[in-house]
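See structure below.
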Amino acid sequence: MNEDIIVAVATSRLEAAISIIRISGPDCIAFVQNFFTGKILEKPSHTINYGYIIDEGKKIDEVLVNIYRGKKTFTGEEMVEINCHGGVYITSRVLEVCIKQGARMAERGEFSKRAFLNGRIDLSQAEAISDIITAKNSYATDLALKGITGNISNFIEDLKEDLIKIITQIEVNIDYPEYDDVEELTATSLLPLSENLLNKMNKILDDSKNISLIKDGIKTVIIGRPNVGKSSLLNALLQEDKAIVTNIAGTTRDIVEGSISIDGIVLNMIDTAGIRETDDLIESMGVEKSKELIHQADLVLLVIDGSMALTDDDYKLLDLTEKENRIVVINKTDQEIKVDIEGVAISAKNNDINKLIMQIKKMFELGKIIDNNDHILTNARQTMLLQRASQALKQAVEAMNLLVPTDLIVTDLYECWNNLKEILGEKAKEDLLDELFKRFCIGK
């Protein structure tokens, strides 16, 4: 149980119309009454109260104070939010008064941590709160909202419920061996239930594979031989002159990066050095780096100069990227096209790239991933734990098929159970919690 009162600025520390200072802890309403002129001690929960913040009898700022009583607050304990004027100085001054009266500056994520420790949210919901703050697109926001509203929590609870039914049957059989025939019990009940549960877990793991694309964006590499228009394409996508564009082969010798959002899909663009045979040491290093990036990318845009016949370097790049997730981009449609290969025709020079954008959107239908799945794991921690749970259950299923004694099978089932509990934070260790909540911003 937390005995101290914590305080933090919950809004940006820049000049704004309003700043919100959040306070949480036992009897924090009475605490704020010590330096607030409005009468809030007897006011009901979830009310807004007008008055002044005072320090040694002097008015500091005209404010509105929101009070939240009982355990149905964000943190599960009494909370107060002071809405003061948004100047940098005045915000700091009101915060200073709170600390002077005895409150402690909150650590990163401490309000959310208290919400977790007080049972208001589980760990998957806490992670979703962090995700919605750092969301880069609408898909990541939708995903985080599903986590906050408990979709993941409910799914894990359902898995635990199915698993406990299996464990209970085994435990009854261990305690009362005459209760049922072991082989019949395994074949008719335990094995079907376990296989069905394993299929549920594996489906969610498969559906969650694209989570990094949703949250962090699609690592997109632009490649091609020199002077085919890679940098022009990057600039057209970014709508700025990020890369140097000239007609001199080999101009881009290093990696140029930038990000673009296409209807909510974030592309983390990388323009690479032109790939060709060269004796230039520095350029050759850039070429080798470009080849490495091809295999690390989620999407490869292979740019071909459509105004001239394919060269040996073009053919080598087509072979090199054949097994990659690629789009062949035929550039320079503003000139006469002289190539006859399948690809998306554009003119980067004239910013005529709509066909390419449509193809990227078609290839990465992230919205459908979100819409068609209520249960998607939101981070590597959750995925790792469900993988461990799935692996333990798989071992149990294999043991059932071999008619291994049930008292040996139950060990793997309990391992599965413990990993499911850890997803929700039911077995979370203090050092793990500290590390997780440190990733939050102050005030949340």
Side-chain angles (χ1 to χ4, degrees), residues 1-121 125-126 129-130 132-135 148 433-434 437-444:
M1 186 71 179
N2 298 297
E3 299 297 335
D4 54 350
I5 294 174
I6 57 173
V7 62
V9 180
T11 46
S12 172
R13 287 297 192 102
L14 302 175
E15 286 191 3
I18 297 292
S19 285
I20 298 176
I21 295 175
R22 176 176 282 176
I23 305 167
S24 184
D27 298 320
C28 71
I29 295 174
F31 167 77
V32 173
Q33 185 68 88
N34 292 328
F35 52 92
F36 176 57
T37 61
K39 304 302 180 184
I40 55 177
L41 285 178
E42 304 301 326
K43 292 292 181 68
S45 180
H46 293 73
T47 57
I48 303 174
N49 304 273
Y50 170 80
Y52 292 86
I53 297 296
I54 56 174
D55 182 26
E56 297 180 356
K58 180 181 178 181
K59 292 180 179 178
I60 301 300
D61 190 24
E62 181 184 36
V63 301
L64 293 175
V65 169
N66 305 351
I67 63 170
Y68 306 94
R69 298 182 182 276
K71 295 184 178 180
K72 291 188 176 181
T73 65
F74 175 69
T75 58
E77 56 191 17
E78 270 194 2
M79 288 185 65
V80 173
E81 289 181 347
I82 301 173
N83 301 267
C84 63
H85 288 94
V88 175
Y89 169 76
I90 199 64
T91 301
S92 298
R93 187 73 177 87
V94 174
L95 180 64
E96 178 187 312
V97 172
C98 295
I99 295 172
K100 182 178 178 181
Q101 291 290 328
R104 171 176 63 78
M105 272 295 295
E107 298 174 357
R108 284 181 173 271
E110 190 167 2
F111 290 92
S112 297
K113 185 177 181 180
R114 289 193 176 197
F116 168 71
L117 293 174
N118 290 328
R120 289 291 293 152
I121 56 175
Q125 290 173 301
I129 291 170
S130 179
I132 201 167
I133 293 171
T134 58
I148 290 172
L433 296 178
D434 289 343
F437 287 105
K438 279 179 184 176
R439 301 173 190 174
F440 284 54
C441 55
I442 293 175
K444 196 63 179 177

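Partners of Tyr68 by ring-ring contact (aromatic ring centres under 6.0 Å, His included), not counting sequence neighbours, listed by chain and number: His46. Checked against side chain to side chain contact (heavy atoms under 4.5 Å, CB included), Thr37 has the following partners two or more places apart in sequence or in another chain: Tyr52, Ile54. With sequence neighbours left out, the side-chain hydrogen bond (donor to acceptor under 3.5 Å, both in side chains) criterion links Glu62 to Tyr50. Scored by the side chain to side chain contact (heavy atoms under 4.5 Å, CB included) test, Asp55 finds Ile60, Arg93, Val97, Lys100 as partners (sequence neighbours excluded). Partners of Lys71 according to the side-chain hydrogen bond (donor to acceptor under 3.5 Å, both in side chains) rule, which considers only residues two or more places apart in sequence or in another chain, do not exist here. Annotation: ring-ring contact (aromatic ring centres under 6.0 Å, His included) contacts of Phe35 (sequence neighbours excluded): Phe31. Residues that satisfy the side chain to side chain contact (heavy atoms under 4.5 Å, CB included) test with Leu14, not counting sequence neighbours, are Ser12. With sequence neighbours left out, the salt bridge (Lys or Arg N to Asp or Glu O under 4.0 Å) criterion links Arg22 to Glu81. With sequence neighbours excluded, the residues that form a side chain to side chain contact (heavy atoms under 4.5 Å, CB included) with Ser19 are Thr11, Cys84, Thr91. Arg104 pairs by the side-chain hydrogen bond (donor to acceptor under 3.5 Å, both in side chains) definition with Asp4, Glu110, not counting sequence neighbours. Applying the side-chain hydrogen bond (donor to acceptor under 3.5 Å, both in side chains) rule to Thr75 yields the partners Ser24; only residues at least two apart in sequence or on another chain are considered.
Here the closest non-hydrogen pair linking Arg69 and Ile40 is NH2-O, 3.0 Å. For the pair Ala106 and Phe111, the tightest heavy-atom approach, listed with the atom from each and the gap, is CB-CE1, 3.6 Å. Across Cys98 and Ile23, no two heavy atoms sit closer than the pair SG-CD1, 3.9 Å.
Rounded to the nearest 0.5 angstrom, Leu95 CG and Ile82 CD1 are separated by 9.0 Å. Taking CZ of Phe74 as the reference point, atom CZ of Arg114 lies at 12.0 Å (rounded to 0.5 Å). Taken to the nearest 0.5 Å, the CD atom of Glu77 stands 5.5 Å off from the CG atom of Asn118. Here the straight-line distance linking atom OG of Ser45 with atom CE of Met79 works out to 10.5 Å at 0.5 Å rounding. Considering CE of Met105 and CD1 of Ile99, their distance stands at 5.5 Å, rounded to 0.5 Å. Taking CD1 from Ile90 and NE2 from His85, the interatomic distance works out to 8.5 Å, rounded to the nearest 0.5 Å.
Here the side chains of Ile121 and Ile129 are in contact, with some heavy-atom distance below 4.5 Å. Contact annotation: the side chain of Ile5 never approaches that of Gln101 to less than 4.5 Å [non-hydrogen atoms, C-beta and beyond]. Proximity of Asn83 to Val63: side-chain heavy atoms (C-beta onward) are nowhere separated by under 4.5 Å.
Among residues at least two apart or in separate chains, there is no salt bridge (Lys or Arg N to Asp or Glu O under 4.0 Å) pair with a member in residues 23-35.
Between the side chain of Asp61 and the backbone N or O of Ile53, no donor-acceptor pair lies under 3.5 Å.
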